[in-house]
Student: 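Starting off with a structure, shown below.
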Amino acid sequence: MEKKGKREFGAVIFDFDDTLVNTKKAVEDAYEIILSDISQKYGIDKGKLKESLSEIQKEMESRASNKRDYDRANWFRTISGRLGIGMTEEDIQKYADIFYSSVRDNVGFHNKTEDILIAIKRKGKKLVLFTDKDAIKGQKKARLDKLAFVKHFDLIVISGETIPERKSDPASFHKVREMIGMSAGEIIMIGDRPDMDIDNAKIEGMSAALFRGYSKHDLCKYTPDFILESIEEVFDIL
Ligand SMILES: [Mg+2]
């Protein structure tokens with residue numbers, strides 16, 4: 001952890017993907033299975049499929065956050081068109097289903113996660129999970145429902161579903177703060193995305209800890225109050 005020093009927080013907000021769970025790895029594993037299958041079935045070089053996939057990924061990231069499309073059926077359809085694969089619509093849907101079910105069912109997390117959440121609650125702090133909706137409606141809730149440790153949260157907010165604002169909109173953090181019912185100074189946000197988790201929490205006046213256990217993004221506008229390399233380091237700041 002980079003910065004030291006404990007502060008008294010009344011509420012702790014956790015991001016979900018690449019903070020509480022290693023989504024990056026689950027996504028990579030899902031692509032590996034899917035691209036191998038497409039490569040075999042349609043006789044296309046797997047390297048070309050990977051290139052096309054990362055191109056789409058980059059295109060989405062370069063778009064304004066409300067213009068990004070993460071529906072993998074659309075991605076696989078685009079790859080099929082660009083590489084002239086001629087994938088059937090049935091296969092496109094099948095691969096999208098494999099993607100969503102494997103990310104839902106095969107996501108890893110630190111084995112101390114539940115103990116950490118229980119310990120935070122024992123300290124009398126409010127536990128909040130704040131995550132953005134997935135490409136398919138209801139998918140994020142289905143993914144959360146799979147994980148036993150999620151039951152320890154006092155409040156779960158899925159932006160774009162529980163509230164209309166997306167996490168990329170600073171107004172969503174204002175709404176979450178109102179739902180918690182505490183002043184911004186009593187709240188800390190822990191997440192992996194400097195653009196959303198850190199910047200938007202700081203705009204609202206909350207403290208923010210950047211989690212770098214699974215993904216390592218460059219800092220954006222604001223400097224986080226803490227930098228955590230492992231979920232266990234949460235104990236050092238709470
Ligand atoms: Mg995240």
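Values reported hereafter were calculated over all heavy atoms of this structure, with side chains retained and with hydrogens, waters and symmetry mates removed. If you're wondering where the values come from, they're calculated on a predicted model, not measured in any experiment. Indexing begins at 1, ligand by ligand and atom by atom, following the structure's order.
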Student: Are the ring centres of Phe109 and Phe149 closer than 6.0 Å?
Tutor: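 Between Phe109 and Phe149, the centre distance is under 6.0 Å.
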Student: Can you tell me which N/O/S atom of Asp192 has the shortest distance to the Mg ion (ligand 1)?
Tutor: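 Among the N, O or S atoms of Asp192, the one closest to the Mg ion (ligand 1) is OD1.
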Student: Do Lys167's NZ or CZ and the ring of Phe130 fall within the cation-pi criteria of under 6.0 Å and 45°?
Tutor: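 Relative to the ring axis of Phe130, which defines the angle, Lys167 lies inside both limits.
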Student: Looking only at N, O or S atoms, find the one in Asp17 nearest to the Mg ion (ligand 1) and name it.
Tutor: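 Of the nitrogen, oxygen and sulfur atoms in Asp17, the Mg ion (ligand 1) lies nearest to O.
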Student: Can the ring centres of Trp75 and Phe99 be said to be less than 6.0 Å apart?
Tutor: no
Student: Would you give the length of the straight line joining atom NZ of Lys216 to atom NZ of Lys24, rounded to the nearest 0.5 angstrom?
Tutor: 8.5 Å
Student: Measure from the Mg ion (ligand 1) to every N/O/S atom of Asp15 and report the name of the nearest one.
Tutor: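 For Asp15, the N, O or S atom at the smallest distance from the Mg ion (ligand 1) is OD2.
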